[in-house]
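Order of the sequence lines sets the chain letters (A, B, ...), proteins ahead of strands, with each chain counted from 1.
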Amino acid sequence: MRLAPNPNGPWHLGNARMPAVIGSYKEMYDGWMCCRFDDTDPETKRPDLDAYDGILDAIDYLGFEPDEVVRASDRVETYYEHARNLIDEGGAYACSCPQGEFSDLKNGGESCPHRDQDPETIHEEFDRMVAGEYDSGEMVLRVRTDIEHKNPALRDWVAFRMVDTPHPREAAAEYRCWPMLDFQSAVDDHLFEVTHIIRGIDLQDSAKRQGFLYDYFGWEYPEVTHWGRIEVDEYDVPLSTSSIKELVAEGELDGWDDPRAPTLASLERRGIRGDAVVEAMTELGVSTSSADLAMSSVYSANRERVDDGTDRAFLVRDGERVPVEGGPDEGHPPVHPEHEDRGTRDVPLGEAVLLEPADVPADGERVWLKGWGPVRNEDGTLVYTDESIDVVREGDVDVVHWVDAGENVPVRMRTMDGDIAGHAERGVAGYDVDDLLQFERVGFVRVDSTEGDEFVVYFTHR
RNA sequence: GCUCUGGUAGUGUAGUCCGGCCAAUCAUAUUGCCCUCUCGAGGCAAUGACCGGGGUUCAAAUCCCCGCCGGAGCACCA
């Protein structure tokens, strides 16, 4: 099998479907999989040099490793060779018709005058294409299919065209005559002995186009499956490399890993594990109808993976300062409620706490400061009541999270809906970048930066 | 317009090829209850679907026909 990405930018969630599905099949059947960069358009789909490694990193993040990595732009001579063979077989001809004219002829099912040239002339013209003697648009090499085929999309398609813009990769910068995807991909799939192709429905006519090539060469076409378009809820930003690129350039997004961007880099930064994304993707299956991916299924898969190993902590958002009277000077909530052996935390409590506004009890009402004890609001002061935990069990008193008003860690939590300022318990200062935490009653986060006077975390999900 | 292709609960999916075991599976979601010093986890329960209409048949999600509604291609993009 093969992954055939176009390296024109960092990957978004939609791109993850390719390695998720194909990589999973590869593992399931102990197959072989390569990553082949289909970078044969130096102009309209101009490759981004950083994207080659970026895509490999993304595949790694998802938990897969290609058995081989190749770039189509390194294999241009191979394509030329097959083009010459095809001309010998009578399967191709050079054509200098202007695009519009050819299109009109084609739609009418009529041949153009170049279709029946003799092989010598075609070879000569193709050699001149390879030598770069034509400019963009002057000459193409077409595959001779069936000019009266009932599906106009399959009639005499272009195999090679001229591109004036040099390829960004130095090794390929001299080529001017480039194969089209249908030709390049067809040749490579055969040469690499690909047995199964899984790709998007946008390429559903490709198999039929390439079938003509396989017939000329006497090859057997691989099994093909197509999946439909995928959309993701919860994001305002569309699942499109070019539009994300635009938003980043305009400064609407802080970068490719902005939490509002539906990119893999963003999910990784938020602390979502690659295999959770894979699980959600493979659940979508390979139906050709379009599908909405619910982010909740990614979150659910991720929560299942991280919940058990993630330490708990308190984070108070938009804290309201309330004085406290009496009680112990420290609280000891557990590091993880299901794992007593991991111990307890030490959360100091001085003369006042910070509570989320909605958690502040009304005058005369009680609340249980989690891991510390019960208090009653008496004229704006929380007075320790020294009651047993039974008051919570009886359902009369809510349990809330809190931090000391003086001794805490200011935190900036970045979410899809913007940044939230808060204060976390003292102990979170001991965590490092990439550590995961669950802020109780708030949600999971990944520690992103501990430098400076601000502790930055990325919100994962509840 | 021409050519493909598809329509099962909010979302995704199983079942469709080879009609009956499908008063339709599983997951997620939502709601309620239990448990819990988290609104997390765990447990229990509820909600909720075969695009429509004909036909064939003892029997149709499944086969046939006609509609309706999507998606894709018809590029010197991938």
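Listed by residue number, A/Asn6 are the residues of residues 4-16 of chain A with a heavy-atom contact under 4.0 Å to RNA chain B. Contacts with RNA chain B (heavy atom under 4.0 Å) in residues 326-333 of chain A: none are found.
Rounded to an integer number of Å, the gap from A/Asn107 CG to B/rG73 P is 16 Å. Note: CG (A/Leu154) to C1' (B/rA72) measures 13 Å, nearest angstrom. The distance between atom CD of A/Glu125 and atom P of B/rC76, rounded to the nearest whole Å, is 18 Å. Atom CG in A/Asp233 sits roughly 11 Å away from atom C1' in B/rU28 (whole-Å rounding). Across the protein-nucleic acid pair, A/Asn151 atom CG and B/rC74 atom C1' stand 7 Å apart, rounded to whole Å. The distance from atom CD of A/Glu138 to atom C1' of B/rC76 is 12 Å, rounded to the nearest whole Å. Spacing between atom CG of A/Asp156 and atom C1' of B/rC76 amounts to 14 Å, rounded to whole angstrom units. As a whole-Å value, the separation of A/Tyr79 OH from B/rA78 C1' is 13 Å.
Residue-environment remark: CD (A/Glu77) exceeds the threshold of 12 foreign heavy atoms within 6.0 Å. Environment of OH in A/Tyr214: crowded, with over 12 heavy atoms of neighbouring residues, nucleotides or ligands closer than 6.0 Å. Remark: A/Glu148 CD is loosely packed, at most 12 non-hydrogen atoms of other residues, nucleotides or ligands lying under 6.0 Å away.
Rounded to a whole angstrom, the distance from the C1' atom of B/rA59 to that of B/rG40 is 49 Å. As rounded to the nearest Å, B/rC26 and B/rA14 have C1' atoms that lie 7 Å from one another. Between the P atoms of B/rG55 and B/rU62, the separation comes to 14 Å (whole Å). B/rG7 and B/rA61 are spaced 16 Å apart, taking the P atom of each and rounding to whole Å. One P atom belongs to B/rC64, the other to B/rC18, and the distance between them is 10 Å to the nearest Å. Distance check on atom C1': B/rG52 versus B/rU13 gives 24 Å, rounded to whole Å. Spacing between B/rU8 and B/rC51 at atom C1', rounded to whole Å, works out to 10 Å. Across the P atoms, B/rG48 and B/rG42 are found 25 Å apart, a figure rounded to whole Å.
Every side-chain contact (heavy atoms from CB on, under 4.5 Å) that A/Asp275 has, sequence neighbours left out, goes to A/Arg273, A/Arg305.
A/Arg155 and A/Asp146 are not joined by a salt bridge, as no carboxylate oxygen comes within less than 4.0 angstrom of a charged side-chain nitrogen.
A/Asp417 and A/Thr415 share no donor-acceptor pair across their side chains, judged by distance under 3.5 Å alone. Side-chain atoms of A/Asp308 and A/His336 form no donor-acceptor pair, as typed in the model, at a separation below 3.5 Å.
Looking at A/Phe37 and A/Ile55, their side chains come closer than 4.5 Å, going by heavy atoms from C-beta outward. The shortest distance between side-chain heavy atoms of A/Trp227 and A/Met18 falls below 4.5 Å. Within the 4.5 Å cutoff, no side-chain heavy atoms of A/Val457 are placed close to those of A/Leu437.
A cation-pi arrangement, defined by a distance under 6.0 Å to the six-membered ring centre and an angle within 45 degrees of its axis, is absent between A/Arg317 and A/Phe439.
Using cut-offs of 30° and 60° for the angle between ring planes, the A/His461 and A/Tyr299 rings count as tilted. Aromatic ring pairs are classed by plane angle as parallel below 30°, tilted from 30° to 60° and perpendicular above 60°; the pair A/Phe126 and A/Phe160 is perpendicular. Ring geometry, A/Tyr29 versus A/Tyr25: the interplanar angle falls under 30°, so the pair is classed parallel (tilted spans 30 to 60°).
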Watson-Crick and G-U pairing of RNA chain B written in dot-bracket, each distance under 3.5 angstrom, with | for inter-strand partners: (((((((..(((.......[.....)))((((((.......))))))...(((((..]....))))))))))))....
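OP1 or OP2 of B/rA75 lies within a sub-4.0 Å distance of a side-chain N or O belonging to A/Ser103. Within the 4.0 Å cut-off from OP1 or OP2 of B/rC77, at least one side-chain nitrogen or oxygen of A/Arg161 is found. For the pair A/Gln204 and B/rA72, the criterion of a side-chain N or O lying under 4.0 Å from OP1 or OP2 is not met. A/Thr40 has a side-chain polar atom (N or O) that falls below the 4.0 Å cut-off from OP1 or OP2 of B/rA78.
Side-chain atoms of A/Val158 lie closest to B/rC76 of the nucleotides B/rG73, B/rC76, B/rC4.
Nearest-nucleotide assignment on RNA chain B puts the 5′-proximal partner with A/Lys150, out of A/Ser136 and A/Lys150.
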- request: Using a 4.0 Å cut-off on protein heavy atoms (strictly under), produce a 5'-to-3' string for nucleotides 13-18 of chain B with B for base contact, S for backbone-only sugar-phosphate contact, and - for none.
  value: S-----
- line: Protein-proximity profile, nucleotides 33-41 of chain B, B/S/- by nucleotide at the 4.0 Å heavy-atom cutoff, equals ----BBBBB
task: Would you please test A/Tyr93 and A/Asp116 for side chain to side chain donor-acceptor pair (under 3.5 Å) and show each step?
output: CA-CA 8 Å; A/Tyr93 61 98; A/Asp116 295 311; over 6 Å; no
